[in-house]
K.L.:
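Questions regarding the structure given below will be posed in turn.
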Amino acid sequence: MAKKMPLEGIRVLELGNLVAAPFAGKIFAEFGAEVIKVEEPKKGDPLRNWRIMHGDNSVWWYVQARNKKSITINLRDQQGQEIVKKLAGEVDVVLENFRPGTLEKWGIGYEHLSEINPSLIMTRISGYGQTGPYSHKPGFGSVAEAFGGLRFLTGYPDRPPVRVGIAIGDLVAGLYAVIGTIMAVRARDNDPEKKGQLIDVALYEAVFSLLEGILPEYDLTGLIRERTGSTLPGIAPSNTYECADGRYLVIGANGDSIFQRLMKTMGREDLANDPKLANNQGRADNVEFIDKTIEEWTKQRPLKEVQKLLDDASVPVGPIYSIKDIVKDEQYKSRKMLEPIELPTGETVLAPGVVPKLSETPGNLKWIGPTLGEHNEEIFKDLINMDANEIAKLKQSGVI
């Protein structure tokens, strides 16, 4: 008998658009939750039209919305708000990323919905959180990356700050939303009254949480961590190095014994046995000399040769991959991280596999992102007992 998936039996009503909340919803759906995504009638989630298009939808949509069910509701319409209230009585989680106060204005905030369903968990993602002097401000992941301190650290010291090439702020917030929701489900299940709660994820706080020891370092010493390009300050050697064929790889040899193995592989026993380089602090004080020495060695060999030598010596090393490199790599293939999916046109395209890997109850990819309103009849009829005439009238009036 097949085991149940980890989140099987959990029903999520996703009210969010674009990246943060829908990314969290994707993870819930991959691990067995029934995720009902609410979209605006006619237009749908704006992500359907972002970046590379394939027919009526973006390719990104097919990844972000997989395993979800799509229904359409005009949340600004009173009849649409009444539908949400009915649905709230039948779900475990409401997931949203509107600006704080928006759902309250529509009469479907946590206070309203928890009266209908005291066991309801509402997970909210916003730029600055639901409280505080900035809570009313609109917030995108890019702004949160700046306000949360990440952009200040990204790039080279002699150039303006740059961004990571993905929506990292939104994605990290989405992960925190998943973590917080699962914690709340666990707490509710252990509560004799089965009472739900509110999860408040601020984009800037999700970003700020990644900043390691930067806050106490500043508070104790006044040190302001600056941009350092491809290195991490105080960690040596750990950098990007060019090879003879013009390709780049990363070597992380900041462990004491690893550094010794690297130097011996390079034929530099003198540095491997140098007392002043025996620990990380000493190496950090001489990082420019060490990095120059390593790159002089890597530039004499093509990348594959450098990688084999260091792999054989158990020195952490890896090439800087483009997506073209990733698609060819056996590790990705063996771990099922390049999953073929069939598009509505019948074409097959690769999509990212499911993370993390569970040994007994793994997540899966059942279907790609749904068409707009594909599950209207199923959800409205079977879940909240609407009849065919009511559904037809609401569709005609633009409510669904």
K.L.:
Without hydrogens or angle criteria, can the side chains of Ser209 and Tyr176 be said to hold a donor-acceptor pair below 3.5 Å?
P.N.:
yes
K.L.:
Taking ring pair (Phe, Tyr, Trp, His ring centres under 6.0 Å) as the definition, give me every residue that meets it alongside Tyr134, ordered by chain and number, with sequence neighbours left out.
P.N.:
Tyr128, Phe147
K.L.:
Would you say the side chain of Phe28 lies within less than 4.5 Å of the side chain of Pro6, judging by non-hydrogen atoms?
P.N.:
no
K.L.:
Carefully, step by step, assess Trp106 and Phe98 under the rule ring-ring contact (aromatic ring centres under 6.0 Å, His included).
P.N.:
CA-CA 11 Å; Trp106 293 339; Phe98 289 99; 5.4 Å; yes
K.L.:
Going by heavy atoms in the side chains, are Val91 and Glu34 under 4.5 Å from each other?
P.N.:
no
K.L.:
Under 4.0 Å between a side-chain nitrogen and a carboxylate oxygen: does that hold for Lys68 and Glu14?
P.N.:
yes
K.L.:
Are any of the side-chain nitrogens in Arg48 or Asp56 under 4.0 Å away from the carboxylate oxygens of its partner?
P.N.:
no
K.L.:
Are Glu39 and Thr72 close enough, and set up right, to give a side chain to side chain donor-acceptor pair (under 3.5 Å), and what steps lead you there?
P.N.:
CA-CA 5 Å; Glu39 299 188 72; Thr72 52; over 6 Å; no
K.L.:
Closest heavy-atom contact between Ala20 and Leu203?
P.N.:
CB-CD2, 4.3 Å
K.L.:
Under 4.5 Å between any side-chain heavy atoms of Ile251 and Ile294, yes or no?
P.N.:
yes
K.L.:
Can Arg124 be said to sit on top of Tyr110's aromatic six-ring, NZ or CZ under 6.0 Å from centre and within 45° of the ring axis?
P.N.:
no
K.L.:
Please report the shortest heavy-atom distance between Val201 and Ala173, naming the atom on each side.
P.N.:
CG1-O, 3.7 Å
K.L.:
Is Arg188 salt-bridged to Asp92, cutoff N-O under 4.0 Å?
P.N.:
yes
K.L.:
Between Asn280 and Asn254, do the side chains contain an N or O donor and an N or O acceptor separated by less than 3.5 Å?
P.N.:
no
K.L.:
Are the side chains of Arg225 and Leu153 in contact, using a 4.5 Å heavy-atom criterion?
P.N.:
yes
K.L.:
Any heavy-atom pair between the side chains of Arg301 and Lys308 that's under 4.5 Å?
P.N.:
no
K.L.:
Would you say that Ile379 contacts Lys69 through its side chain, given a criterion of any heavy-atom pair below 4.5 Å between the two side chains?
P.N.:
yes
K.L.:
Applying side chain to side chain contact (heavy atoms under 4.5 Å, CB included), name anything that partners Val354, two or more places apart in sequence or on another chain.
P.N.:
Glu30, Phe31, Arg66
K.L.:
Run the side chain to side chain contact (heavy atoms under 4.5 Å, CB included) test against Met183 and tell me which residues pass, sequence neighbours left out.
P.N.:
Ile179
K.L.:
Distance alone, cut at 3.5 Å: any donor-acceptor contact between the side chains of His54 and Glu347?
P.N.:
yes
